[in-house]
Structure formats: structure tokens, C-alpha cells
K.L.:
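One structure, as C-alpha cells, below. Some questions next.
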Amino acid sequence: MSQKHATTLISSLCSRGAVCHARALFDEMPDRDVVAWTAMLSGYASNGLRREALDVFRRMVAAGAAPNEYTLSSVLTACRGPCAPATAMPLHAVAVRRGVDRMPYVVNALIDSYASLAEGVVDARRLFDALGSGRTAASWTSMIAGYARWGKERTGLRLFKTMLKDGVELSTFACSIALHACTLVMDLCLGQQLHLQCIKKALDVNLAVVNSLIDMYCTCARILDARSLFDGTPDRNLITWNTMIAGYSQCDPLMALQLLLEMNDEPNCFTLTSITSACADLAALRCGKQVHGAVLRRSYSDDLQMGNALVDMYSKCGSITNAKNVFDRMGCKDKFSWTSMIAGYGMNGYGNEAVQLFSSMIHAGVHPDHVVFLNLISSCSHAGLVDEGWNFFRSMINEYNLQPNKEVYGSVVNLLARAGRLREALDLIDMMPFAPDEYVWGALLGASKMHNNVEMGRLAARKITEINPDDVKNYIMLASIYAAGSKWGEYAFTRRSLRGIGSRKEAGISWIEVMDKMYSFTAADSSSPQVCLADEVLHILSQHMDDVGTGTVKSIDWEDLAIPQGFCGPVYLLATPSTTSTKNF
DNA sequence: TGAAACTACG
């Protein structure tokens, strides 16, 4: 077999994913020229095997073969991402030495490579500017994508407009990059204009463009527009499904699960991250555990976003032990991992653990932000750690130079007010550098009710009704404060003004997941015999717990409890055997 | 004669 034939075969094998066979053939070749080396190198690169690609390049240089413009653009592509900054400069030097540094494919790959580091965007722009009229479509799109990658979406979009003014034809690449930038800044208006252009130029037959459009509509809260695009695209790929599922996981988690059942592709790490977050929002522990199993079987557990989603899911499902297990096993953690775990402790009432974890986070060298402090203070609030919470508020300002935002002030007001320090809470509201909103006053109102403080309750309620006169729950809250304080005249007046608004307080619905089915119920719900039975059993159990508490009974003996026949525990009380749709991961 | 290269979407 000639060298050329072997090279053709190598790239053909690689394009079908048979990299190992290609490599076996490559190793058999007695002589390899630049083209053969380059074919093997780009074969690895196009299959995502960056390290191997880079290794081939090193061996090639060591073997004395001179890299040309093909080789350099391939190897630059191979080391995109985190390792790019370290390799871009030396490879640039090689390109200059070989005299190929101004060839379009090489420059474009260099622009992309430099722009894969935030600090490199300036160098990328220098290369881009030096190109002058030598720019190709890829030069523009690489530069625009570089800006969008590092929070300079607006600069990217301006460059996009310049590109069009310069007469560069709108391509599918440029279109999906610009749409992605629109998504990042949630510019629905420009996104819609681009959509129109896509239709005009028939670019909407391209799947990457459609996927970007779906993502843009999902992020801009236009889930129905996203869905109609999704439905109008019969040739979907995994990214299409993942984008739609991720969109639903933000606004309609049940639909996200439904879509998972409908997809025929194998779910991957992205899919399962969105599904985990949908389970978190539904507080569906059984489903979440099933997804966790699927994650473990596929060895996705090392993925950072996946780990963060699992910690969040277990926390929101109330399974703090599992949350901590996942957290502890995570190979690398970011700010979000720590925040999720602290929030998890907080929402489950483990204030001290939240505080302790915060110290570990600082010890690990992670800088806290507003969200961390918000969760930390609210953890303290729920656990009654008032002084600790207050100290965190102060250290946020003094030690970490963070200016508390409205939400943080709200949580500190909540912290003080719940602890009965209503006066201090009010002083803090007066000191706030923001106009207090209904949530801040709402915290004070709730605490006034908790501590039977009529004066403070009246003030908070007045402030809230100035901001939002239509929210019924505040009138009800105020009325019950008056009732508790025996202010019957004002109680009657408040109830009357309620009638004028003419709506009822929305019932707080609780739910429980039993055997893959969700059951919802309200307080004192008598609509279903099962709920009534559950109520009866709960009553028996709490009576029993009281007995244990007072030492009357030592431990729970199910035989002693007058549990209705056929039920082995309260959890199964509501269970109805049912055939629900299942999916084997 | 024929082989190898840049930019996009979760």
C-alpha cells in the first residue's frame, strides 16, 4: 500500500470513529510524511482525543518532520479549551518560523486559541485587526465567539453587525454564534430579528442554528416558541433534545421528565444534569435517586455540574445525608458546589453545619459572594443563630468588601425579626440603601404575627399595601395579628376590606411522593378518604412520640399502635399501586 | 493524478 493510500484510509477510518484501527495502520507505516502525521493528528482531534492529538504532534516534531499550515491549524484546534493558553504561544512561534502564520486557517485557529483564555481576547483581537482585508468568515466568527465566551457579548454583537455591514454573507456559523450571544444577554428582540433573517436566507434548515434558536427562546421565557420550533424539527439530535429538556427543567419540570421518556437517543451527561434539576424542583426523591443511579452507571459522577445538580437535588428533597455524600465525593468543587451544600444545610434546618461548612469553604480558598452570604444568613435565621447571622452580615461588608444587595438585607431583617428583635429589624430597614420592597416588609409582618406585636404589624402591613394593595395574604396576616391582640374593631375592619378585594387566600399545598406517584393535599384536607386516614395515623404517631418523649413508652412498637389494618407505615398509606410510565436508563 | 486544515448549538 502506498503512503497516500494509507493516509486516505487513516482519515476515512477516523471520520467513522475507528481511531484505534487508524492508529494501528499508522504504526505499521514504514515512512510517514507530513500529510500522514497530520491525518492521524486531526483524526484524534475530531474524535475529541486532545491529549493523543498533542502527543502525535510532539512525536512528529521529535521525528524531524516539519509541520506545515495544515498541521498547525489541526494541532491548534486539538488543544482548544483549558490547555489552549499554554500551547497557543509556542505554536504561534512555530507558525512564524515556518512562515505560515498569516495563512487564513492558521490565523483563525490562533484567534480561537488565544480567545480561549479571558486575557487572550486582546491578543486575538490584535491578530484579527492585523488581518485587514485578509479576514475570512471564520476570522469574524472566531472573534465574535471569543468575546461572547468572556462576558463581552455586547462587543461581540457589535462586531457581528460590523461584519454584516462589511458585506460578509450571514452564515450558519455566524448565526448560531450571534444567537448564543443574544441568549447570554437575554436579548429577545435581536434574537427574533435574527430568527427572521434565518428564515429569509433559509439558514433555519441547519440544526445548530435551530438548536441555538430553541435555546434562545427557552432562556428568554418563550417556551412555547421554543416548543413549536422543536416540534417543527423532525431531524433532532441529542443537543436539540437536551436544549429543550433544559428549557423545561427551568419552567415545567414535569414536562422535562415527559420529554426524557419520549426521546430515543441515549441520554448523556447534559441530559441527566437537567433531569436532576427537574427532580429537585419537584422534590421527587425516588426519581432523583433513579437518575443518580443512571449517572453512576455511566461514570458521569466526576462531572462538576452533575455533582452540583445532585447536591441541590438531594438537599431540596430533604435527603441531606445523600447531599453530603455526593458533595464529599466530588473530585473538584466550585463556588456553586459549596453554595448548594450550604443552602442545603440551611433549608433543612442544620444551621451549625452550614456555618461550619462556610469555614471549610474559606479554608479551601474559595471566595464567597452574595449568594453564599444570603444562604448562610438564612441558614442562621432558620436555626435561630441570630448573633452568628448578624456577624456574617458584618463580615461580609468589612472583611470581604461585599456590598449587601436587597436580598441579603431582606434575609437579615428576617433573621432579626424572627428572633423577636423587631425594633432592630425596623432600624435596619430604615438604614437600607434601597427602597424596601414588599418582601422585606413581609418578613417584618410575619414576625410581628409570630411575636404578637400589633404596632409593628400595623406598620408593616400599611407599607406593604402601599406597594402592593392587591395581595390578600397580607390582610389576612394583619387580621390575625389584630385577633391575637384582641383588637376586634380593627380586625373586623381588615376583614371587611378583604371582601372588597374579593379573593381568597391561596391554600398552601403540600405534597408527598409515594411509589412513583405524587399526592398533593392542603391543611385540614378532607377531600379524599386517604388523606383523612393519613391524618388519623399521623395523630396516632404524634401521640406515640409524646409518650416516648415523656418516658411512658421506650421505643416504637408497631404492634402497639392502632394503625388501620393493611398499612405497614404512614409512608405507604397514600400509595395506590399504579402502572406509571418507566424508562430504563 | 490521488491524502491532511479554521469558526456554531446543550
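Letters A, B, ... mirror the listed sequences (proteins, then strands); counts begin at 1. Note that this is a predicted model, so its numbers are computed, not measured.
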K.L.:
NA contact type, A:R135, heavy-atom cut-off 4.0 Å: base, sugar-phosphate, or nothing?
P.N.:
nothing

K.L.:
Which part of the nucleic acid, if any, lies within contact of A:L110, taking any heavy atom under 4.0 Å across all strands shown: a base, the sugar-phosphate backbone alone, or nothing?
P.N.:
nothing

K.L.:
Would you kindly say whether A:S116 and A:S113 are connected by a side-chain donor-acceptor distance under 3.5 Å?
P.N.:
no

K.L.:
Evaluate the ring planes of A:Y400 and A:F373, with Trp represented by its six-membered ring, and classify them as parallel (under 30°), tilted (30 to 60°) or perpendicular (over 60°).
P.N.:
tilted

K.L.:
Classify A:S212 by what it touches in the nucleic acid, base, sugar-phosphate, or nothing, heavy-atom distance under 4.0 Å.
P.N.:
sugar-phosphate

K.L.:
Rounded to the nearest 0.5 Å, what separates atom OG in A:S315 from atom OH in A:Y345?
P.N.:
9.0 Å

K.L.:
With a 4.0 Å cut-off on heavy atoms, is A:T172 in touch with a base, just the backbone sugar-phosphate, or nothing at all?
P.N.:
base

K.L.:
Out of the candidates A:T233, A:N211, A:D235, only one should pair with A:T240 under the side chain to side chain donor-acceptor pair (under 3.5 Å) rule; please name it.
P.N.:
A:N211

K.L.:
Sorted by first residue and then second, give each side chain to side chain donor-acceptor pair (under 3.5 Å) pair with at least one member in residues 301-314 of chain A; sequence neighbours left out.
P.N.:
A:H292-A:Y314, A:N308-A:D334, A:N308-A:S337, A:D312-A:K316

K.L.:
With a 4.0 Å cut-off on heavy atoms, is A:S142 in touch with a base, just the backbone sugar-phosphate, or nothing at all?
P.N.:
sugar-phosphate

K.L.:
Closer than 3.5 angstrom, by distance alone: can the side chain of A:N237 be matched with the main-chain N or O of A:I239 as a donor-acceptor pair?
P.N.:
yes

K.L.:
Under 4.0 Å from any heavy atom of chain A: name the first and the last nucleotide of DNA chain B that qualifies, 5' to 3'.
P.N.:
B:dG2 to B:dG10

K.L.:
At 4.0 Å (heavy atoms only), tell me whether A:N206 reaches a base, stays on the sugar-phosphate, or touches nothing.
P.N.:
base

